Amino acid sequence: MDSLPLLADHPYASFLDQVEKPARYAGGEVGSVVKDWASVEARVCLAFPDVYDIGMSHLGFKILYKLLNDDPRTLAERCYTPWIDMEAQLVKRGLPLVSLESARPLRDFDVVGFSLQFELTYSNILTMLHLGGIPLRAADRGEDDPIVIAGGPTATHPEPIAPFLDALVIGDGEEKATEVALLWARLKREGVPRRERLVAIARLGAVYVPSLYATRVDPDTGFEVVDRPLASGIPFPIERALVDLNRYPFPDESPTGGPEAIFDRMSIEIARGCTEGCRFCQAGMIYRPVRERDPEQIVDTVMRAVQRSGQDEVSLTALSTADVSCISPLIKKVTERLTAERISLGVSSLRAYGLEPDLLDELKRVRATGLTFAPEAGSQRMRDVVNKNVTEEQLLETAERVFSRGWGKMKLYFMIGLPTETDEDVRGIVETGARAAGAGRRAAGKGKPVDVTVSVSTHVPKPHTPFQWAAMDTLAEVGRKQQMLKDTVRPYRAVTLKTHEANASVLEGIFARGDRPLADVLERAWRHGARFDSWEDQLDLAVWEEAFTHVGVDRAKYLGTLPVTARLPWDHIDVGLEEGFLAKEYRKALQSRLSPPCGKVAGTFVHHTNLDDARADTRRLVCYDCGVACDMTQMREERLTFLDRLGAHRRSLPVLTDAGAAPPAGAAGPSAAPANDGGAERESDGGAGRESVAATAPESGDDREPSRAAGEAPQRARRIAPAPKGRGGFRYRFRFEKAGPMALLGHLDVVRELPRVLRRVGAPMTYTAGFHPKPDMTFSPALSLGVISLDEYVDLRLERDLDPAALDALVAAMSAASPRGLVFSGAVKLGPEDPSLSKLIAGARYALAFARSAIGGDAEALLAARCSAALSAASLPIRREIDRLAKMVDVRQYLVRAEVGGPEVHSALARAGLVGDLVALEVEVDIRGSGAVKSSEVAAVITGEPGEAPGAITPPPHRAVRLQLFGRTSPAGSAAGERFSLFDLERARRVKPAPERTPALPLAADAE
């Protein structure tokens, strides 16, 4: 049943607390932008076809959101795919999918722009279009419907999704986003017909409008390919857009907060493109040439992002950060700036091969536990096939280096199903891991455990790569190879094998190399329930099997070997590579021949880390004429400039001269916790940018990171802050309210938000001691999701001693820097003799608000009688279920007072945002060290009707508001004694703890 609305005028307000993570749909995060629709020319909804927790971390979204909202002519709002439970609620109620910022349906926007990151999100695009009130097919859209546009890496091979899209931006979207939005909105206002508007958009260049191109069937493959344009003046082929990154600084501010994102940190793009030329990697091909951001701009962006977001971790990201020309001095410079702020630095894709000792030694100064990198193949021949420019000797040398410096774990990424692969190559994957473990044991020293994890995924041939013509292994062949790996690994106790489910990879391969007839398969599968296909626990293969059979599509033709001479479904998209380049690389792969990394001197692994060495090396940089026009002279000069700006003039000596030196104080030994398995970018091409250095650092939360079931992401390096001060600093008690969107956040999300607020306002906290230092905080008892509170508290320690005026100013600043619904209302300084919240809180007052219509009759009289009966009862048992375990709780042992609320209570309800014809109860409950009762349980035993299960009671729809937390002058657990405010420190010091009375039902209760 629906509850009273938490969010004023929001279409989902009455049922949000019935779905998982309701704050996904509430908005109000710090950094979100709400603009007046009447003040702009074009309104854009950025639609991410995956759940909020994934989309909030996406770099492209952050870039376009900032760019569009900074322009006074445009606005951008966000929308993410609703999870299964939320979609069901919207369908049941006939409600549209709305944006986070203004809660407007998608159909109301001028432009709806999708991010195409992964083929297995296509079904989610159809979900969002349908729920947003937009016809699925572009051909069915009318004059007033928004333009549905998309961009991202899979926009370079879009035919299976093309019939559902009006247009696709090919390449960089920074310039095109604003240009397309303004042109479309202007032509619409002028009454230009929809088709003519689409022609005008196509003429901008770098924009593919599928409906304006004819198709034909290629006789060599049976694929439906794009043949010719149907309108004059539109490009064919469609060339990509390419921008100068330094004209578009990476945003230092973006929406932050809400439910915890999968990659919960401020990620900063430092370069686009890659020099390495791995033949399986689509991103490395379509994002050429390598473009590096100005390092001074990066450092400034990092520091502003930390202050504005309040996050405790920053990640530097690129396809291969190890190949950014100034990465070593850049890491050192950023680390220097972040050290004092206690901010962790993450570096994704920072492979260990070829890194100079000084950087490894710099990393050694963190409490390091693991390294991750990607040999990709189990034999040297196969590494040459995929153009992985690394030898096994270098791999083993790296293993010796890193294990000798205190790392305890190593993770190796490999692929099976690569072209020309043999069983010997497959077995070599495990054997390579075993040799790395052996080298690690010798380097680590006697008695120190060495852990090597071998993670093996299935290769998916991707368009615009040299392997685009190669066959993909069948499911049976993948299964056979995975069993071979399991058999091979048994004797090696130091090697842990992980393999990945291949069903999703096969579906990905079909849609990666697919053509337009697959659109019918996609729609059929979607109509029969296909959702979140990139999530292993959601992928329903039976639905897809039925769709392929019904439409009559032969899957085998998309997975077999393709003729090099055939025209392919993506050939009309020009990503900048010279015709014949990919075929030449494919032939070299079949001959096991390498191509050296471009933009480097032949034979080098990393760029020079100092100006002296870089100037002294006058050798030519490698260029193998891929078709992208690179100015090698300018590239060399730019690198010299970057090194100069970072002050990297001379080679620095290693921090440690003895590779086997003992770790510094505070560094983790062999017993340290395992490194995170999370990373900055989710892999969709089977291997791009998967190598990284990973190390844990002190954080304000659990040091585990959630990851998607669909695949693992790369680890990262994080530097440790200075030694914590333990329980030093100055102790304060803050009072705050949480209403609206904040009432829809779980307690851990609120705990995570408070340090961010303090970082935003520049009030440094002190940290706990130990291996995992955290902000020193103690919160009042947690509330259930959806419960509003007007009286919450937190005890915390700050580094600064603040007088009352400064403390009042801090409270005001904290409210201004908080998400919508979080308001700080006071603070007091605590002395050493002041008891903590956990020892002080004795009880709470709640208002339980009901719609009068839900109670019926004389509501006040009925509720008064129910309260009297409850207080007269010897026990009020109720069944509580937690994690599928049921227990009985006696609410009566905690219930102190219950009565119909008067004007004061109704005034508090209005302050909490609850209005209408309401009737309320005011209840008082004990809070003890052993627990408490939930407000919903009190409502149930007083007003509810018995349920089916013994002790289960269902209350009428209601909303709870915590009015007050208080101490008592009598011992905890006693109803006697006078209540007092938790800010009344004089009386709080006189309270003496006493044993609690034992409940009649000896069953625990929860924190609320």
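Note that this is a predicted model, so its numbers are computed, not measured.
- Listed by first and then second residue, the salt bridge (charged side-chain N to carboxylate O under 4.0 Å, His left out) pairs involving residues 20-33 are Lys21-Asp53, Arg24-Asp53, Glu29-Arg78 (not counting sequence neighbours).
- With sequence neighbours left out, Ser789 forms a side-chain contact (heavy atoms from CB on, under 4.5 Å) with Lys738, Leu783, Glu792, Arg962.
- With sequence neighbours excluded, no residue forms a side-chain hydrogen bond (donor to acceptor under 3.5 Å, both in side chains) with Tyr732.
- Evaluation of the side-chain contact (heavy atoms from CB on, under 4.5 Å) rule for Glu253 yields Lys66, Arg308 as partners, not counting sequence neighbours.
- Sorted by first and then second residue, the salt bridge (charged side-chain N to carboxylate O under 4.0 Å, His left out) pairs with a member in residues 808-822 form an empty list; sequence neighbours excluded.
- The local environment of CD in Glu986 is sparse, with at most 12 non-hydrogen atoms from other residues, nucleotides or ligands closer than 6.0 Å.
- Of the charged side-chain nitrogens involved, at least one lies within less than 4.0 Å of a carboxylate oxygen, so that Arg968 and Asp926 count as a salt-bridged pair.
- Every ring-ring contact (aromatic ring centres under 6.0 Å, His included) that Phe824 has, sequence neighbours left out, goes to Phe736.
- Remark: His10 engages Tyr12 in a ring-ring contact (aromatic ring centres under 6.0 Å, His included) (not counting sequence neighbours).
- Of all the heavy atoms in Leu100 and Gly27, the pair that sits closest is CD2-N, 3.7 Å.
- With sequence neighbours left out, the ring-ring contact (aromatic ring centres under 6.0 Å, His included) criterion links Phe730 to no other residue.
- Phe966 carries Arg979 over the face of its six-membered ring, with the cationic atom under 6.0 Å from the centre and within 45° of the normal.
- Annotation for Pro755 and Pro775: closest pair CG-CG, 4.0 Å, computed over non-hydrogen atoms.
- How far CE of Met765 is from CZ of Arg797: 10.5 Å, rounded to the nearest 0.5 Å.
- Between Arg852 and Glu860 there is a salt bridge, with a side-chain nitrogen of the basic residue lying less than 4.0 Å from a carboxylate oxygen of the acidic one.
- Under the rule for a side-chain contact (heavy atoms from CB on, under 4.5 Å), Asp9 has no partner lying at least two apart in sequence or in another chain.
- The side-chain tip of Arg733 does not point at the ring of Tyr793 from less than 6.0 angstrom away and within 45° of straight on.
- With sequence neighbours excluded, the residues satisfying side-chain contact (heavy atoms from CB on, under 4.5 Å) with Glu899 are Arg897, Glu922.
- In this structure, the ring-ring contact (aromatic ring centres under 6.0 Å, His included) partners of Phe779, at least two apart in sequence or on a different chain, are His747.
- Evaluation of the salt bridge (Lys or Arg N to Asp or Glu O under 4.0 Å) rule for Arg304 yields Asp252 as partners, not counting sequence neighbours.
- Using a cutoff of 4.0 Å between basic side-chain nitrogens and carboxylate oxygens, Arg845 and Asp791 are not scored as salt-bridged.
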